[in-house]
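Lettering of chains follows the sequences in order, A, B, ..., and the numbering in each one begins at 1. Remember, it's a predicted structure, so these values are computed and weren't measured experimentally.
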There are 2 protein chains.
Amino acid sequence: MSGRDTGGFPPGDDLTLARLISLVEKDSAQVPEIMESLSAQPGKAYRIGITGPPGAGKSTLVNGLTTLLRERGSSVAVLAVDPTSPFKGGALLGDRVRMQKHYTDEGVFIRSLATRGVKGGLTGTIGEIIDLVDASGKDYILLETVGVGQGELDIAGHVDTVVVVLVPGSGDSIQFMKAGIMEIADIFVVNKSDLAGADELVNNLSVTIDLAKKGEPWQIPVLKCRADVNEGTKELLDQTLLHRRMLESSGLLEKRRGRQRLQQFQVLLEQRILEDIRAKILAEDEVKKIGGKIEKGEISPYAALSRIIETVLPSLFGKETRNSSEKRSKK
Amino acid sequence: MSGRDTGGFPPGDDLTLARLISLVEKDSAQVPEIMESLSAQPGKAYRIGITGPPGAGKSTLVNGLTTLLRERGSSVAVLAVDPTSPFKGGALLGDRVRMQKHYTDEGVFIRSLATRGVKGGLTGTIGEIIDLVDASGKDYILLETVGVGQGELDIAGHVDTVVVVLVPGSGDSIQFMKAGIMEIADIFVVNKSDLAGADELVNNLSVTIDLAKKGEPWQIPVLKCRADVNEGTKELLDQTLLHRRMLESSGLLEKRRGRQRLQQFQVLLEQRILEDIRAKILAEDEVKKIGGKIEKGEISPYAALSRIIETVLPSLFGKETRNSSEKRSKK
């Protein structure tokens, strides 16, 4: 409600932050420099991921959490990686009205992110964007992703607490649970809990959790929620903060972030190498020539691949195609 | 309907096909050999992609199309890349019952595909899987993908006709149209056309098409459909076959597939190179050492990346990091 409380974050910085995020999204040549200069600052933002199937009410929950965090004087950044999210600007009027007060609140930074990135996945740029937001001094980062497709499960690689939102009576939710979501959830929310089947879904989740996570330091809670009328949102925040305290006091937060940083490094390194090599390879005469033959149907992509790997790559890189030669000679 | 008409495709082959697809999904070392051996056979399967937001009724449409194609004696393969699809086996009872007759029909091959693949995208393995299905002698391949996230837009790179399914009165559909779908659609279906807003959606689509695609050889049709009661499914098949005839007679089919094969080659080449290099790089002492420092927070992933690119990569590959050095020296 504190519409003008900037939570220690001067409004001017949000413009810079938005500009820097755009540079990262565009994969600008300045990105490495920017990231290197920022990273000296230790991050203080706590990162909460909210994921679930389309229509589960994730945005409404994010809106409710934002309100609660603002009431406590914390600054909040909302990052939405969801083509169906109202934060993208085009969606249902109700959602936009709900979120409207946050758009004019200088303590709230809202940004929708393209899912296009490198290879369409979340992995590459999202880590950089979160680090940028973190460096800008936000207290909380709420990362909303739609939980369809494996790429989006990467959310666990970028946040401290993963909140999985499901709704009763939906085949989607069942599918969703099967798709590996059990392994990444720290908190389950059964939203729209006035719908039929809510208790059944809560029970199913509780049983599955009991079977899967025996004896871990964190008991995954299953919360009932009606985000549209703000029921259960406070309990969700309480549980999130409880999870935070557990991670901090046990040293798990540090370990988790260490692993995330290492993963981020490996992804960036791969992307960088691939980028360098891609242009070089595709410009090779031999590769261009075989490309023409593939287009005309004179050689299959698979036969061409094998030929390029056996002839062109060794002359370009020498030893590092050893792996492939070994593989290929096994036949 | 023709439960035992195998459409010229001996049932035994479907087992082999299923096994080969599994090998591709597991990224088995045998894959290159398998693909090379198959690719001598020219494909005859016509490839239809059906995409749209979750809940648009894609699977019901696919089911209807399958029935119609079987009635004409054609063999059909259904490939579903959709974590919320009933073809995945876990979904709504009604859908399973509807599809059931096809499960026992030897002229229909049904396979749900993991979205996990390389980097979570559709691109890598789907091309190989389609080529396998094609080589097995199917007349039609129906590829169903959920249209959330950019990765799934890759469907246009793998099929001959792209059918985009939308439903009225849904924010999803509007978002979906914005997300670049206009460029890949060959046919639009407004499904659940008994819902309010159907005519409006049809009109909006028609106007947008007129503005965007003036003077092209193919006028993108916008079809109203109620897949659940089988209304409009025949019109969809008719339009699809019309599109096919246009592509074939104009020579566009050949060009389109040529481009797709070239793209498939480039993706495979990148993956192969990355795979070879990844293991090599991550095994380097210097990279392992810096990885430890990243985990402990002694160096940021970004600073580490820059150091590795400047020191380790040149000694491994020599000249091909020239690009990066040039970029970096621009500061």
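- From E270(B), atom CD reaches atom CG of L282(A) across 6.5 Å, with rounding to the nearest 0.5 Å.
- Separating the CD1 atom in I309(A) from the CG atom in L268(B) is a distance of 8.5 Å, to the nearest 0.5 Å.
- Ranked by heavy-atom pairs under 4.5 Å with chain A, the list V31(B), I294(B), V287(B) is led by I294(B).
- Interface remark: L305(B) contributes backbone and side-chain atoms alike to the contact with chain A (heavy atom separation under 4.5 Å).
- One distance of note links OG of S306(B) with CE of M35(A); it measures 13.0 Å at 0.5 Å rounding.
- Counting heavy atoms from C-beta outward, I299(A) and F265(B) have side chains that stay 4.5 Å or more apart.
- A distance of 8.5 Å separates CD in E295(B) from CZ in R261(A), rounded to the nearest 0.5 Å.
- Within the 4.5 angstrom heavy-atom criterion, atoms from both the backbone and the side chain of L269(A) approach chain B.
- Contact tally against chain B (heavy-atom pairs below 4.5 Å) for L262(A), I308(A), I290(A): the top residue is L262(A).
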When you look at E128(B) and Y302(A), which way does the side-chain hydrogen bond (donor to acceptor under 3.5 Å, both in side chains) test go after all the steps? CA-CA 9 Å; E128(B) 291 173 331; Y302(A) 312 103; 5.3 Å; no
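- Expressed to the nearest 0.5 Å, how far CZ of R307(A) lies from CD of E36(B) amounts to 10.0 Å.
- Other residues, nucleotides and ligands place no more than 12 heavy atoms under 6.0 Å from the CD atom of E254(B).
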